[in-house]
Every structure is written in C-alpha cells, then in structure tokens.
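Remarks on the structure that follows.
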Amino acid sequence: LWKCFITVLDLGFRAGGGIGDITYQEEFTSPFRSAFYLKVFFDLSFFLLINVIFLNIIQGIIVDTFGRLREQLKDKEYDRKYRCFICHLDCWTIEKAGESFIEHKQKISLCVVLCLLGRET
C-alpha cells in the first residue's frame, strides 16, 4: 500500500512533463529503496519548484505588465478627453475661469497653428 501511494504521488503529479519522464525510473526493491525515495523527492521538488512556482511567477509578471499597459491607456484616454493638450489644464479649471472647455481647445489649437505658420515665414 505504501509503494502504491508513493508511486501514485510520484507519477500522478508529474504526468505529462518534467524531468521525471526523462530520467531513469528507480525500482522499489529492498536494496534500492533509499534511491527510490530520493528519486521521488527529487522529481517532486523539481516539479514544485519549476512547474508551479517559476511558471506562476512568470504568469504574474505577464498579468502585471498587461495591467500596467491598460492603466497607461486609461490615463492617456482621460488626458485626451478632459485635459487641454497645449496648456495641460483640466476641463474643470478652464470652466471655473468662465470659458467653455470645447471653445478653449478650439481657440488654443487655432493660436498654435497660427504661431507655427508665422514662424515658418
């Protein structure tokens, strides 16, 4: 029963991948019983270390990166919608000053275009 439990534990976790499929399979016979337990321990520790921990770390880094990119995109969309591109004031500050945000953006854009055209001539 113990041999069955250890074998199922050893082969069940690593089924379909890992270093345990490539290395030599030790037998449970009495002179090599310690080598069998050592191999089971090595295979399971390799599986836990490489397959579980490192792959979860890599997956976490990927998820974090995409989350950061999504946050940057959201910030850019917010700036595009609620901030003036030229003076970088938000729409609430401009409207507190008594000017419409849309009119401010149109006026600033026109002023910038005219200034750039004046510099070229």
Taking distance alone, no hydrogens or angles, what donor-acceptor pairs closer than 3.5 Å link side-chain atoms of residues 56-76 to residues at least two apart or in another chain?
residue, atom, partner, partner atom, Å
Asn56, ND2, Val52, O, 3.0
Thr65, OG1, Ile61, O, 2.8

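The side chain to side chain contact (heavy atoms under 4.5 Å, CB included) check on Leu89 picks up Cys87, Thr93, Ile94, with sequence neighbours excluded. By the salt bridge (Lys or Arg N to Asp or Glu O under 4.0 Å) test, Glu77 pairs with Arg80, sequence neighbours left out. Not counting sequence neighbours, Asp90 has no partner by the salt bridge (Lys or Arg N to Asp or Glu O under 4.0 Å) test. Take Glu99 and apply the salt bridge (Lys or Arg N to Asp or Glu O under 4.0 Å) test, not counting sequence neighbours, and it matches Lys107.
Summarising the geometry, atom CZ belonging to Arg83 is positioned 9.0 Å from atom SG belonging to Cys91; distances are rounded to the nearest 0.5 Å.
For Ile102, the CD1 atom counts as loosely surrounded, since its 6.0 Å shell holds 12 or fewer non-hydrogen atoms of other residues, nucleotides or ligands.
Clustering of Ile, Leu, Val, Met, Phe, Trp and Tyr side chains at separations under 4.5 Å places Tyr82 together with Tyr78, Trp92.
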